[in-house]
Amino acid sequence: MNSSTVICVLLVLINLSFVKGEQTLEASFVFGDSIVDAGNNNFIQSLSKANLPPNGIDFMANGGKPTGRFTNGRTNADIVGEELGLKDYALPFLDPNCKGKAILKGVNYASGAAGIMNQTGRLFVNRISMDIQIDYFNITRKQLDGLLGPSNAKELLMKKSMFSITIGANDFLNNYLLPVLSIGERISETPNTFIDGLIKNLRGQLTRLYKLDARKIVVASVGPIGCIPYQKQINRVNEDECVDLPNKLAKQYNGRLKDLLKELTDNLPGATFVHANIYDLVMDIMTNYTKYGFQTASVACCGNGGQYQGIIPCGPQSSMCKDRSKYVFWDPYHPSEATNLIIAKKLVDGDTNYVSPINLRQLKDL
Ligand SMILES: *[C@@H]1O[C@H](CO)[C@@H](O)[C@H](O)[C@H]1NC(C)=O
Ligand SMILES: *[C@@H]1O[C@H](CO)[C@@H](O)[C@H](O)[C@H]1NC(C)=O
Ligand SMILES: *[C@@H]1O[C@H](CO)[C@@H](O)[C@H](O)[C@H]1NC(C)=O
């Protein structure tokens with residue numbers, strides 16, 4: 001090769017990497033419920049807490065001690081951040097250390113028992129509902145202006161941040177489906193009316209995030225909540241069966257969610273809303289659990305009560321399985337870290353069956 005060929009090749013390479021437009025991810029802002037709560041509920045009066053061992057037993061960044069995460073290790077939000085190059089996990093908003101420069105890496109607002117609706121999760125006394133989580137982000141937003149100046153803060157949020165929202169399961173499990181008449185909405189509303197309300201609220205919430213400069217936004221669908229050990233236990237279904245109504249409601253909501261995200265991407269200039277198809281992803285893992293190396297997709301690793309250990313949440317009195325990597329579910333409600341790893345990797349690099357219209361690595365690089 002002569003030197004002009006070399007230069008030419010170099011120019012092509014430089015050009016390609018420019019076209020590929022790799023972005024560095026600097027911050028992750030996490031909203032949602034206990035699936036991604038990183039400890040906010042430790043700081044409020046709530047009955048929904050994971051601050052007791054053996055929760056966190058595999059969370060090495062904290063020496064295997066509980067952090068408030070409702071799983072044995074990392075949440076899927078933690079792992080997605082790592083996969084996309086983040087060095088630190090976003091701190092819980094209510095953590096006293098979540099101030100100053102720490103917020104430049106992002107903030108976690110998620111709260112166990114929270115829902116799209118304010119009243120969801122009432123049974124747990126306190127929780128930070130989605131509306132309040134966005135109020136909190138509005139506080140962070142002003143702090144970022146103070147730290148970086150308005151134009152750099154905008155740049156960080158619009159180009160170098162990812163926003164993830166994992167919410168909705170509690171609106172069914174801890175609201176609509178609750179048999180307690182004074183709390184559940186089922187007595188007064190049809191599924192259609194209730195889901196209309198969820199979508200209307202969520203549209204408002206996502207639009208508020210956009211107004212506060214969120215642009216790269218991923219929203220998780222509700223998983224197959226009729227297949228969690230708790231539902232299987234209280235409804236006494238067979239090992240290879242799930243409870244029909246919760247799954248039906250989740251699917252109905254998820255269809256509407258997908259349309260909503262497309263509508264928002266079409267209507268809000270510069271924003272991309274990605275649909276994380278958690279429902280089909282978890283269904284695949286549960287149906288094909290042996291293929292993924294699991295021993296069971298129906299029994300909780302840590303819990304108590306019946307054949308699925310599905311009634312009593314994980315705590316010091318619970319029985320715990322021997323090999324945590326062989327269980328799809330950590331406790332009666334939440335996936336194990338092993339499951340979170342599979343989910344996170346499919347969201348980051350997977351195809352449109354599970355994450356659409358683009359995957360999270362492509363979203364980061366926009
Ligand atoms: C939920 O609560 C927030 C904060 O108190 C309030 O701003 C919002 O209007 C409430 N939403 C509904 C639908 O009641
Ligand atoms: C953020 O807070 C300010 C008040 O400090 C308020 O005027 C504004 O409407 C809020 N923005 C959103 C999107 O909630
Ligand atoms: C289970 O795996 C098979 C083979 O990969 C796949 O065709 C099927 O769709 C999976 N099941 C679910 C429920 O995703």
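Atoms within each ligand, like the ligands themselves, are counted from 1 in listed order. Both backbone and side-chain heavy atoms feed into the values below; hydrogens, waters and symmetry mates do not.
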Indicate every side-chain donor-acceptor pair of residues 160-169 with a distance under 3.5 Å to a residue at least two apart or in another chain.
{"from": "S161", "atom 1": "OG", "to": "L156", "atom 2": "O", "distance (Å)": "2.7"}

Problem - Polar contact flag, side-chain donor to acceptor under 3.5 angstrom, S46-N126 - result: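 On atom types as modelled, these side chains do not qualify, holding no pair under 3.5 Å.
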Without placing hydrogens or testing angles, list every side-chain donor-acceptor pair under 3.5 Å for residues 32-45, not counting sequence neighbours.
{"from": "D33", "atom 1": "OD1", "to": "I35", "atom 2": "N", "distance (Å)": "3.1"}
{"from": "S34", "atom 1": "OG", "to": "H334", "atom 2": "NE2", "distance (Å)": "2.6"}
{"from": "D37", "atom 1": "OD1", "to": "G39", "atom 2": "N", "distance (Å)": "2.7"}
{"from": "D37", "atom 1": "OD1", "to": "N40", "atom 2": "N", "distance (Å)": "2.8"}
{"from": "D37", "atom 1": "OD2", "to": "G112", "atom 2": "N", "distance (Å)": "3.0"}
{"from": "N40", "atom 1": "OD1", "to": "F93", "atom 2": "N", "distance (Å)": "3.1"}
{"from": "N40", "atom 1": "OD1", "to": "L94", "atom 2": "N", "distance (Å)": "3.0"}
{"from": "N40", "atom 1": "ND2", "to": "N108", "atom 2": "O", "distance (Å)": "2.9"}
{"from": "N40", "atom 1": "ND2", "to": "A110", "atom 2": "O", "distance (Å)": "2.9"}
{"from": "N41", "atom 1": "OD1", "to": "S111", "atom 2": "OG", "distance (Å)": "2.7"}
{"from": "N41", "atom 1": "ND2", "to": "S48", "atom 2": "O", "distance (Å)": "2.8"}
{"from": "N41", "atom 1": "ND2", "to": "G112", "atom 2": "O", "distance (Å)": "3.0"}
{"from": "N42", "atom 1": "ND2", "to": "T67", "atom 2": "O", "distance (Å)": "3.0"}

Problem - Contact with ligand 3 for K291, non-hydrogen, under 4.0 angstrom - result: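 Yes, K291 has a heavy atom closer than 4.0 Å to ligand 3.
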Handout entry: Validation row, ring centre F137 to ring centre F29 under 6.0 Å
Key =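 Between F137 and F29, the centre distance is under 6.0 Å.
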Exercise for the section: Would you please indicate yes or no on a ring centroid separation below 6.0 angstrom for Y354 and Y279? Expected result: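 No.
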Exercise for the section: Report the C-alpha distance between Y89 and F59 in whole Å, list the side-chain angles of each, state the deciding distance to 0.1 Å, and finish with yes or no for ring-ring contact (aromatic ring centres under 6.0 Å, His included). Expected result: CA-CA 12 Å; Y89 306 127; F59 192 80; 5.6 Å; yes
Practice task
Starting from atom 13 (C) of ligand 2, locate the nearest protein heavy atom and write down its residue, its atom name and how far away it is, to 0.1 Å.
Solution key: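 For atom 13 (C) of ligand 2, the nearest protein heavy atom comes out as L212 CG, 3.7 Å.
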Handout entry: Nearest neighbour in protein (non-hydrogen) for atom 12 (C) of ligand 3
Key =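 Answer, as residue, atom name and distance: D284 CA, 3.7 Å.
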Handout entry: For ligand 2, the portion of D135 having any non-hydrogen atom under 4.0 Å away
Key =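 The answer is neither; D135 stays 4.0 Å or more away.
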Exercise for the section: Pick whichever of T287, D280, N353, N288 has a heavy atom sitting closest to atom 6 (C) of ligand 3. Expected result: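 Looking at heavy atoms only, the winner is N288.
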Handout entry: ligand 2 contact by K142, heavy-atom criterion under 4.0 angstrom
Key =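 Within the 4.0 Å threshold, so yes.
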Exercise for the section: Report yes if N138 has an N/O atom closer than 3.5 Å to an N/O atom of ligand 2; otherwise report no. Expected result: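 N/O-N/O distance under 3.5 Å: yes.
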